Amino acid sequence: MIYIKNLENEEYLSAYKASLEKRNVDPGNLHIVLEKNVARRKALTEMEQKKAYQNKVSEVIGQKKRNKEDASQELSEMQAVSQEIKALEKHAKDAEAELQELLIVLPNKAHDSVPAGKDEAANVVLKTVGEPKTFSFSAKTHDELGQSLKILDFDRAGKVTGARFTFLLGTGARLERALINFMMDTHAQKHGYREAIPPYMVNAQAMYGTGNFPKFKEDVFALENTPYYLIPTAEVPVTNYYNGEILNEEDLPQKFAAFSACFRSEAGSYGKDTKGLIRQHQFHKVELMCFVHPDKSYEEHEKLTNHAEEILKQLELPYRRSLLCAGDMSPNAAKCFDLEVWLPGQSAYREISSCSNFEDYQARRAEIRFRPTGGGKPQYVHTLNGSGLAVGRTLVAVLENYQQEDGSIKIPKALQSYMGVSEIRPS
RNA sequence: GGAGAGAUGGCUGAGCGGUUGAAAGCACCGGUCUUGAAAACCGGCAGCCCUUCGCGGGGCUCGUGAGUUCGAAUCUCACUCUCUCCGCCA
């Protein structure tokens, strides 16, 4: 959430307007926000003045009663005042709610280093690692490979559930597990993250905390007859782990590597990636998430992205890192790198990780602060997260990049100890 | 599913409807003493919002929301969560 007081600062306001422009968002109702804020303040002050008077007289009444004096005059006056306060209170509350409603949908201010642009065409490729793989035969897609190896079964998943689900079977299921363990071990043991397996359902408050609500409500699954939602990413439960808390500065940074299933409705993507594992309603992901000191967040953002890249390097998969333009990144983010893996089946780079710095945007919504060492007012932490990696898409990348002419799959060296075999052959 | 108990500051834990934003202890910070440390003693120590250049002033917050009252941590109702016992169950 954007801090309303920042918007009252001329310099910040114009920078924020420029950021909206970079995101290709209409800054049209920004002036309404400012007006509402003035109205809110006025209503609040009015109410508080009345209350101050009430408190004062109430104290007098208390004193008189204790001294067994007559307070009937004050009492009858206060009856009226009490009614007035009720009206003023409602007024102030409404003004506050109106402002909140506008404020909660304002996007984060993009970092200066983020390029302007409205969609992926304006993203900037920062580096490319490895060469796109070429084959002496015609490369198959992962769903062709998976079905002929009998490790992916989309048809039966369609029967049991519906479109965009799959059964992973045999060595395919084993490969998924191997990838999960490889990623979790790497992050926990080499990169110093704390392992976590969060709840796969959260309440609405958690969704607001990360900024998934109210804007992206239609993207998640709501569970009927409960106040719960299936998580679209472990980012939601893990970011809210410290919801409403004040941490100690010396406890920062707090780094989590969270494994979870993720559930996305994929509303609005009908017809996109309908084949294969690329866009499923349910997939596994290892999510890296950090609570960091504001002064360190860009440094840590770089580190976190490197940690995600490390998985791709270990698996020897060709990939590239892009800096997203303002319009292509999520409204919550101040800056975002995408990692895109090369998929021979599509002859294209596809997103496999998205590493974002949210600065204090989520921390304000979720009220996550830290107390500076040696005292002082609590400050908001910065939050970061990034996939490390999306497991299903990694499995796709392994199948497609390690396919052999006979349709078998070689297992990447880094995974062999987790798999117990060095290749997947038709059974 | 049935029965009961509870939720207060960083933690433990008091709290008759009216100087209780909240006793006390612990933790923490500063000081005295000490060669240094410990102990002891003294002092400080919640967050948010409005207002002020600043000193300061004001309001709100005792799980959440509503209600009663001139006035609620304290009374009423609803909800949430935690714990104990019984039943059922992976």
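For clarity, every value in this text was computed on a predicted model and none was experimentally measured. Just so it is clear, the values below take in all heavy atoms, side chains as well, and ignore hydrogens, waters and symmetry mates. Order of the sequence lines sets the chain letters (A, B, ...), proteins ahead of strands, with each chain counted from 1.
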For this session: Considering only atom P, compute the distance from B:A66 to B:A23 and round it to an integer number of Å.
Result: 27 Å
For this session: Please report, rounded to the nearest Å, how far the C1' atom of B:C45 is from the CD1 atom of A:I246.
Result: 13 Å
Exercise. A:Q205 CD to B:U80 C1': how many Å, rounded?
Worked result: 11 Å
For this session: Could you measure between the two P atoms, the one in B:G54 and the one in B:G67, and give it in whole Å?
Result: 36 Å
Exercise. How many Å lie between CG on A:D251 and P on B:G10, as a whole number?
Worked result: 15 Å
For this session: Could you pick out which residue, A:Y380 or A:K51, lies toward the 5' side of RNA chain B when each is mapped onto its nearest nucleotide?
Result: A:Y380
Exercise. Under a 3.5 Å cut-off for both distances, is B:G54 Watson-Crick or wobble paired, and to whom?
Worked result: none
For this session: Using both distances under 3.5 Å as the test, list the Watson-Crick or G-U wobble partner of B:A14, or none.
Result: none
For this session: Examine A:F259 together with A:H284 and report whether their ring centres are nearer than 6.0 Å.
Result: yes
Exercise. What distance, rounded to whole Å, do you find between the two P atoms, one in B:U8 and one in B:U19?
Worked result: 22 Å
Exercise. When we call it a touch if two heavy atoms are under 4.0 Å apart, what does A:N248 touch: a base, just sugar-phosphate, or nothing?
Worked result: nothing
For this session: Could you tell me whether A:Y229 and A:F213 have their ring centroids closer than 6.0 angstrom?
Result: yes
For this session: Taking atom C1' in both B:C16 and B:G71, compute the distance separating them and give it to the nearest angstrom.
Result: 16 Å
For this session: Would you classify A:F370 as touching base, sugar-phosphate or nothing, given that sugar-phosphate means primed atoms plus P, OP1 and OP2, and contacts are heavy atoms under 4.0 Å?
Result: nothing
Exercise. For atom P, what is the distance between B:G58 and B:U52, given to the nearest Å?
Worked result: 16 Å
For this session: Grab the CD-C1' distance between A:E8 and B:C49 for me, whole Å please.
Result: 12 Å
Exercise. Can you tell me how far P in B:U74 sits from the matching atom in B:C60, rounded to whole Å?
Worked result: 15 Å
Problem set entry | Partner nucleotide, any strand, of B:A5 [Watson-Crick/G-U, under 3.5 Å] | B:U82
Exercise. So is A:R264 actually on top of A:F221's ring, under 6.0 Å and inside 45° of the axis?
Worked result: no
Exercise. Are A:C336 and A:S354 side-chain neighbours, meaning at least one heavy-atom pair lies under 4.5 Å?
Worked result: yes
For this session: Would you kindly give the CG-to-C1' distance between A:N37 and B:C49, to the nearest whole Å?
Result: 12 Å
For this session: Tell which nucleotide pairs with B:G71, taking only Watson-Crick or G-U wobble pairs whose two distances are both under 3.5 angstrom.
Result: none
For this session: For B:C45 and B:G25, measure between their P atoms and round to the nearest Å.
Result: 15 Å
For this session: Cation-pi check, A:K5 to A:Y12: give yes when NZ or CZ is under 6.0 Å from the six-membered ring centre and within 45° of the ring axis, no otherwise.
Result: no
For this session: Would you tell me if any nitrogen or oxygen in the side chain of A:Y3 comes within less than 4.0 Å of OP1 or OP2 on B:C49?
Result: yes
Exercise. To the nearest angstrom, how far is A:E89 atom CD from B:C49 atom C1'?
Worked result: 14 Å
Exercise. Quick one: does A:Q362's side chain have a donor or acceptor within less than 3.5 Å of a partner on A:T383's backbone?
Worked result: no
For this session: Decide yes or no, distance alone: a donor-acceptor N/O pair under 3.5 angstrom between the base of B:G18 and the side-chain of A:E59.
Result: no
Exercise. A:R369 side chain N/O closer than 4.0 Å to the phosphate oxygens (OP1, OP2) of B:G47?
Worked result: no
Exercise. Has A:N55 got a side-chain N or O lying under 4.0 Å from the OP1 or OP2 atom of B:U19?
Worked result: no
Exercise. Are OP1 or OP2 of B:G47 and a side-chain N or O of A:R371 less than 4.0 angstrom apart?
Worked result: yes
Exercise. Is there a Watson-Crick or G-U wobble partner for B:G36 with both distances under 3.5 Å, and if so, which one is it?
Worked result: none
For this session: Using the six-membered ring of A:F167, assess whether NZ or CZ of A:R156 lies under 6.0 Å from its centre and within 45 degrees of the ring axis.
Result: no
Exercise. What is the distance from CD of A:Q49 to P of B:G57, rounded to the nearest Å?
Worked result: 17 Å
Exercise. Is B:G65 paired to anything, Watson-Crick or G-U wobble with both distances less than 3.5 Å, and if yes, which nucleotide?
Worked result: B:C77
Exercise. With rounding to whole Å, what would you report as the distance between B:U69 and B:G13 at their C1' atoms?
Worked result: 30 Å
For this session: Scan every strand shown for a Watson-Crick or G-U wobble partner of B:G43, both distances under 3.5 Å, and answer none if you come up empty.
Result: B:C29
For this session: Decide if atom CD of A:E69 counts as having more than 12 heavy atoms of other residues, nucleotides or ligands within a radius under 6.0 Å.
Result: yes
Exercise. Hey, does the side chain of A:K50 come within less than 4.0 Å of B:G59's phosphate (OP1/OP2), counting only N and O?
Worked result: no
For this session: Provide, to the nearest angstrom, the distance between the CG atom belonging to A:L99 and the P atom belonging to B:C49.
Result: 13 Å
Exercise. Is the distance between the ring centroids of A:Y298 and A:H382 under 6.0 Å?
Worked result: no
For this session: Remember a base hit wins even if backbone is also touched, and classify A:K56 as base, sugar-phosphate or nothing at under 4.0 Å, heavy atoms.
Result: nothing
For this session: With the side chain of A:T45 defined as its heavy atoms from C-beta on, choose the nearest nucleotide among B:G59, B:G47, B:C50.
Result: B:C50
Exercise. Is the cationic atom of A:K410 (NZ for Lys, CZ for Arg) positioned less than 6.0 Å from the six-membered ring centroid of A:Y402 and within 45 degrees of its normal?
Worked result: no
Just the atom pairs and distances: protein N or O near nucleotides 62-70 of chain B's N or O, under 3.5 Å.
{"unit_1": "B:A66", "atom_1": "OP1", "unit_2": "A:K93", "atom_2": "NZ", "d": "2.7"}
{"unit_1": "B:U68", "atom_1": "OP2", "unit_2": "A:K86", "atom_2": "NZ", "d": "3.4"}
{"unit_1": "B:C70", "atom_1": "OP1", "unit_2": "A:Q79", "atom_2": "NE2", "d": "2.9"}
{"unit_1": "B:C70", "atom_1": "O2'", "unit_2": "A:S58", "atom_2": "OG", "d": "3.4"}

